Amino acid sequence: LNGRADVTEEQMSGASAVEVTITSGSKSITSFSGRSITLLLPVDAGAFQAGQSCAVYQISEDGALETHTGICRSVNGSLWVEITTTHLSTFVVVPPEKPVQLPFTDVREGDWFYDAVAYAYTNELFNGTSATTFSPNSTMTRSMLVTVLWRMEGEPTANSANPFADVAAGTWYTDAVVWASSAGIVNGTSAAAFDPDGSVTREQIAAILYRYAKIKGWDISGASSLSTFLDGPQVSDWAARAVEWAYAEGLITGKDGGRLDPQGQASRAEVATILMRLLESRS
């Protein structure tokens with residue numbers, strides 16, 4: 001990593017190097033037929049903080065260098081950086097320059113959603129509901145979700161007129177709604193209505209992210225059966241393929257009692273977690 005302008009000497013002093021190997025008998029296994037594997041790499045608690053995103057450099061035997069984005073997690077009292085890769089080698093985890101400093105009084109270290117909220121905040125995906133609150137348990141609205149995707153895309157300009165009578169010009173979500181509609185990521189609740197303040201269900205989120213992944217050109221071929229869930233048959237026909245994909249990708253998981261809860265409303269914390277998983281899988 002010598003000479004990389006984006007890595008400071010101070011960061012390198014706190015970096016963690018890990019060689020990951022798998023052996024079967026005398027044979028070393030380094031790849032998995034193109035499939036991805038998720039790794040948890042141990043890091044020093046003095047240099048890292050749960051919820052941070054950080055650079056991970058993967059160095060192959062031939063000297064080839066790949067860059068991944070990892071997420072620092074607290075697991076059983078220890079800190080780990082999670083990444084997804086298609087092969088094994090040596091990994092150098094570099095701590096970020098700035099610590100996470102959340103302004104939210106309703107998000108604390110130890111909360112199950114802390115890492116996801118920190119990720120969403122530091123990557124500028126979400127704003128708080130006020131200067132000091134995130135409202136993790138509040139439901140996610142349709143306008144909030146499309147605005148997050150719009151920000152992820154760099155706030156592009158829509159190439160069409162606003163088709164929705166209930167989306168006024170000049171609101172914080174107007175450009176995002178028009179863009180998402182024109183891109184085919186989200187539909188209105190009718191030909192002329194979007195219902196910006198309506199909450200989104202878990203199956204609706206899966207459908208929206210499935211369409212988003214499709215326009216991004218990502219692999220959406222994965223699918224896992226929903227038959228293991230007691231309420232799997234309750235998934236709407238129009239959302240079934242998207243939910244199967246989201247479940248296969250690990251974006252949406254089951255709830256207590258073997259339920260998928262497809263029509264359940266999703267909280268802001270749940271959506272932050274789903275989006276973090278989506279972006280992690282593409283890093």
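Every value quoted in this text rests on a predicted model; they were computed, and no experiment measured them. Hydrogens, waters and symmetry mates play no part in the numbers below; they use all other heavy atoms, side chains included. Sequential numbering from 1 along the given sequence is applied to the chain's residues.
V92 is listed as a side-chain neighbour of I59, based on a closest heavy-atom distance under 4.5 Å. Annotation: side chain of P136 is in contact with side chain of D106 (closest heavy-atom distance under 4.5 Å). Put simply, the side chain of Y114 reaches to within 4.5 Å of the side chain of V107, judged on heavy atoms. Put simply, the side chain of I208 reaches to within 4.5 Å of the side chain of L149, judged on heavy atoms. T86 has its side chain out of reach of Q58: every pair of non-hydrogen atoms, C-beta onward, lies at least 4.5 Å apart. At least one side-chain heavy atom of I252 sits less than 4.5 Å from a side-chain heavy atom of I274. At least one side-chain heavy atom of W112 sits less than 4.5 Å from a side-chain heavy atom of T273. Between V146 and I185 the shortest side-chain heavy-atom distance does not fall below 4.5 Å.
The line from CE of M140 to OG of S199 is 11.5 Å long, rounded to the nearest 0.5 Å. One distance of note links CZ of R277 with CD1 of I71; it measures 12.5 Å at 0.5 Å rounding. The CH2 atom of W80 lies 9.0 Å from the CG atom of L41; values are rounded to the nearest 0.5 Å. Distance check: M152 CE to L278 CG gives 5.5 Å after rounding to the nearest 0.5 Å. I37 CD1 to F32 CZ: the interatomic distance, rounded to the nearest 0.5 Å, is 4.0 Å. Taken to the nearest 0.5 Å, the OG1 atom of T228 stands 8.5 Å off from the CG atom of L260.
In plain terms, the two heavy atoms of F134 and A269 that are nearest each other are CE2-N, 4.4 Å. The shortest heavy-atom contact between V93 and V56 is CG1-CG2, 4.1 Å. Between G184 and R211, the closest heavy-atom pair is O-CD, 3.2 Å. Considering every non-hydrogen atom in both R241 and G222, the closest pair reads NH1-O, 3.2 Å. Closest of all the heavy-atom pairs between H68 and T84 is ND1-O, 3.7 Å. Of all heavy-atom pairs spanning S53 and N123, the tightest one is OG-ND2, 3.8 Å.
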Are E66 and H87 close enough, and set up right, to give a side chain to side chain contact (heavy atoms under 4.5 Å, CB included), and what steps lead you there?
CA-CA 11 Å; E66 299 175 55; H87 59 285; 2.7 Å; yes
Please assess F229 against Y247 for the test ring-ring contact (aromatic ring centres under 6.0 Å, His included), listing each intermediate value before the final yes or no.
CA-CA 11 Å; F229 297 106; Y247 178 48; 5.0 Å; yes
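Hydrophobic clustering, with ILVMFWY side chains joined whenever heavy atoms are under 4.5 angstrom apart, groups L39 together with I29. Cluster annotation: V243 is not connected to W238 through the hydrophobic network of ILVMFWY side chains, with a link wherever side-chain heavy atoms come within less than 4.5 Å. Following chains of ILVMFWY side-chain contacts shorter than 4.5 Å, one cannot reach V178 starting from V200, and the two form parts of different hydrophobic clusters.
In terms of modelled atom types and a separation under 3.5 Å, the side chain of Q263 and the main chain of Q234 share a donor-acceptor contact. Listed for the T171 side chain is a donor-acceptor partner under 3.5 Å among the backbone atoms of T174. In this structure, S190 contributes its side chain and A193 its backbone to a donor-acceptor pair below 3.5 Å. Side-chain N or O atoms of D111 include none that pairs as donor or acceptor with a backbone N or O of F113 at under 3.5 Å. Proximity of a side-chain donor or acceptor of E203 to a complementary backbone N or O of S236 within less than 3.5 Å is detected. A donor-acceptor pair under 3.5 Å is formed between the side chain of R259 and the backbone N or O of D256.
The stretch residues 128-146 participates, sequence neighbours left out, in these side chain to side chain donor-acceptor pair (under 3.5 Å) pairs: T129-T133, T129-S135, S130-T133, T141-S143. Listed by first and then second residue, the salt bridge (Lys or Arg N to Asp or Glu O under 4.0 Å) pairs that reach into residues 26-48 come to none, sequence neighbours excluded.
When the salt bridge (charged side-chain N to carboxylate O under 4.0 Å, His left out) test is applied to E270, the partners found at least two apart in sequence or on another chain are R202, K255. For the salt bridge (charged side-chain N to carboxylate O under 4.0 Å, His left out) test, residues two or more places apart in sequence or in another chain that qualify with E153 are K216. Residues satisfying the side-chain contact (heavy atoms from CB on, under 4.5 Å) criterion with A64, sequence neighbours excluded, are S60, D62. With sequence neighbours left out, the side-chain contact (heavy atoms from CB on, under 4.5 Å) criterion links E249 to W245, L251, S281, R282.
Classified by interplanar angle (parallel below 30°, tilted 30° to 60°, perpendicular above 60°), the ring pair F104/Y121 is perpendicular.
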